[in-house]
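First comes the structure, then the notes that go with it.
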Amino acid sequence: MDALIRYFPTVDYSPCWQAMRALTDQRGDNTQDELWVLEHPPVFTLGQAGKPEHVLNPGDIPVVNSDRGGQVTYHGPGQTVIYLMLDIKRIGLGSRGLVTAIEDSIIEFLNDLGINAASRDDAPGVYVNGAKIASLGLRIRRGATYHGLAINRDMDLSPWQRINPCGHVGQPMTTLRALGVTLEREKMEQQLVTVLAKRLGLTPRTAPLPDWYNSPSTLSAG
């Protein structure tokens with residue numbers, strides 16, 4: 001199965017989220033799956049079950065109530081986000097199976113870089129020596145998924161201290177750079193997409209940016 005891979009530079013969270021929902025609501029049985037690979041300007045997002053008390057001190061970083069699973073997380077420069085718009089029946093995985101496949105893809109990608117990583121039964125995501133390097137949050141709607149994963153490449157970790165990451169008090173965070181990996185963003189993203197697509201049984205096909213992104217009203221100021 002082909003999947004369209006769209007590589008964005010930087011895009012604001014809210015219009016991207018709205019576009020994911022619109023694609024999911026409009027898709028039919030023959031709609032191709034898509035992966036959106038991007039960065040967000042600084043933003044905290046609360047999942048459907050998110051508790052406001054886990055946002056300790058947002059300061060000047062906006063907080064958005066999202067419809068993904070999970071608690072509170074942070075997105076910002078130096079972090080790669082991959083949103084997965086998938087027909088979950090066509091993929092042949094249930095929700096738990098999809099989460100496992102995503103986590104295993106990140107673990108495989110990190111292992112290829114010489115980093116020993118692991119998932120946890122009690123907290124979705126991927127960890128290196130107890131520090132979290134990748135977060136997951138999905139939504140299933142009309143038999144399809146959206147939202148996805150975020151992996152820390154080379155980001156300022158101080159905003160994470162303003163929240164309880166994913167609802168876990170004092171959860172340490174880490175980045176690829178802190179672990180000694182300095183891959184260029186483009187190369188790193190292509191490598192991760194390749195591993196992820198293979199594990200999901202998808203053939204990645206690079207596609208142009210969508211019309212909604214090219215609208216001046218949705219472009220990020222960053």
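None of the values given here were measured: they were computed from a predicted structure. The figures that follow rest on heavy atoms only: side chains count, while hydrogens, waters and symmetry mates do not.
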(request) Look up atom NE2 in H147 and atom CE in M20, then write down how far apart they are to the nearest 0.5 Å. (result) 4.5 Å
(message) I'd like to know if M188 and L113 are part of one continuous hydrophobic network [Ile/Leu/Val/Met/Phe/Trp/Tyr, side-chain heavy atoms within less than 4.5 Å].
(response) yes
(message) Measuring only between side-chain heavy atoms, which start at C-beta, is P9 closer than 4.5 Å to L38?
(response) no
(request) Give a yes or no answer on whether the side chain of N152 reaches the backbone of T174 with a donor-acceptor pair at less than 3.5 Å. (result) yes
(message) Less than 3.5 Å apart, any donor N or O on the side chain of T80 or R185 sitting next to an acceptor on the other?
(response) no
(request) First locate atom CD1 of I163, then atom OG1 of T73, and finally report the distance between them rounded to the nearest 0.5 Å. (result) 5.5 Å
(request) To the nearest 0.5 Å, tell me how far L157 CG sits from Q79 CD. (result) 10.0 Å
(request) Give the intermediate values and the outcome of side chain to side chain donor-acceptor pair (under 3.5 Å) for residues R139 and T145. (result) CA-CA 5 Å; R139 173 74 189 271; T145 67; over 6 Å; no
(message) Please report the interatomic distance CZ(F109) to CG(L192), rounded to the nearest 0.5 Å.
(response) 5.5 Å
(request) Please say whether more than 12 non-hydrogen atoms of neighbouring residues, nucleotides or ligands are located less than 6.0 Å from CG in N57. (result) yes
(message) For the backbone of S14 and the side chain of D12, can you confirm whether one donor and one acceptor N or O come within less than 3.5 Å of each other?
(response) no
(message) Grouping I, L, V, M, F, W and Y whenever their side-chain heavy atoms are under 4.5 Å apart, do I133 and L149 come out in a common cluster?
(response) yes
(request) Flag yes if W160 and V63 sit in one hydrophobic cluster, no otherwise; membership is Ile, Leu, Val, Met, Phe, Trp, Tyr, and two members link when side-chain heavy atoms are under 4.5 Å apart. (result) yes
(request) Over all heavy atoms of both residues, which pair between L46 and P52 is shortest? Give the atoms and the distance, please. (result) CD1-CA, 4.4 Å
(message) Can you confirm whether R199 sits close enough to I102 that some side-chain heavy atom of one is under 4.5 Å from a side-chain heavy atom of the other?
(response) no
(request) Measure across C166 and S135 and return the closest heavy-atom pair with its distance rounded to 0.1 Å. (result) SG-OG, 4.4 Å
(message) I need the L202 CG to L84 CG distance, nearest 0.5 Å.
(response) 9.0 Å
(request) State whether the number of non-hydrogen atoms from other residues, nucleotides or ligands found under 6.0 Å of E53 atom CD is greater than 12. (result) yes
(message) Which residue is it: I106, T175, L136? I am looking for the one with a side chain to side chain contact (heavy atoms under 4.5 Å, CB included) to I151.
(response) I106
(request) Taking the side chain as every heavy atom from C-beta outward, state whether E108 and D112 have any atom pair closer than 4.5 Å. (result) yes
(request) Please report the closest heavy-atom contact between I88 and S95, naming both atoms and the distance. (result) CD1-N, 4.0 Å
(request) Can you spot which of T194, I82, V193 makes a side chain to side chain contact (heavy atoms under 4.5 Å, CB included) with I5? (result) V193
(request) Establish, yes or no, whether the cationic atom of R162 lies under 6.0 Å from the six-membered ring centre of Y74 and within 45° of the ring axis. (result) no
(message) Restricting to non-hydrogen atoms, name the atom on A207 and the atom on R6 that form the minimum distance, rounded to 0.1 Å.
(response) CB-NH1, 3.6 Å
(request) State plainly whether the residues R141 and D25 are in salt-bridge range, i.e. N to O under 4.0 Å. (result) yes
(message) Is it the case that the side chain of R142 and the backbone of T24 share a donor-acceptor pair, with hydrogens and angles ignored and the cut-off at 3.5 Å?
(response) yes
(request) Find out whether D2 and Q32 are in side-chain contact, i.e. whether some heavy atom of one side chain is under 4.5 Å from a heavy atom of the other. (result) yes
(request) Step through it carefully: locate the ring centre of W17, locate the ring centre of W212, and say whether they are under 6.0 Å apart. (result) no
(request) Measure the OH-CD distance between Y7 and E189 for me, rounded to the nearest 0.5 Å. (result) 7.0 Å
(request) Verify the cluster assignment for V43 and L56: are they in a single hydrophobic cluster under the rule of side-chain heavy atoms below 4.5 Å apart? (result) no
(request) Spell out, yes or no, whether Y13 and L23 are grouped together once hydrophobic residues are joined by side-chain heavy atoms under 4.5 Å, including indirect joins. (result) yes
(request) Determine the interplanar angle of the Y213 and F8 rings, folded into 0 to 90°, and report it as parallel if under 30°, tilted if 30 to 60°, perpendicular if over 60°. (result) perpendicular
(request) Give a yes or no answer on whether the side chain of H54 reaches the backbone of P165 with a donor-acceptor pair at less than 3.5 Å. (result) no
(request) Check L35 against L86 and note the closest heavy-atom contact, atom names and distance. (result) CD1-CD2, 4.1 Å
(message) Check whether E39 reaches the backbone of G78 with its side chain - one donor and one acceptor, N or O, closer than 3.5 Å.
(response) yes
(request) Taking atom CG of D122 as the centre, report whether more than 12 heavy atoms of other residues, nucleotides or ligands fall under 6.0 Å from it. (result) yes
(request) Tell me, please, which residues at least two apart from D87 pass side chain to side chain contact (heavy atoms under 4.5 Å, CB included). (result) R27, D33, K89, R90
(message) Taking the basic N atoms (NZ, or NE/NH1/NH2) and the acidic carboxylate oxygens, is any pair closer than 4.0 Å for R96 and E103?
(response) yes
(message) For a quick test of reading the model, state the closest non-hydrogen atom pair linking H75 to V81 and the distance between them.
(response) ND1-CG2, 3.8 Å
(message) I'd like to check V128 versus N116 (side-chain heavy atoms, cut-off strictly below 4.5 Å). Are they in contact?
(response) no
(message) For the backbone of A49 and the side chain of Q71, can you confirm whether one donor and one acceptor N or O come within less than 3.5 Å of each other?
(response) yes
(message) Determine whether the aromatic ring centres of residues Y83 and Y146 are separated by less than 6.0 angstrom.
(response) no
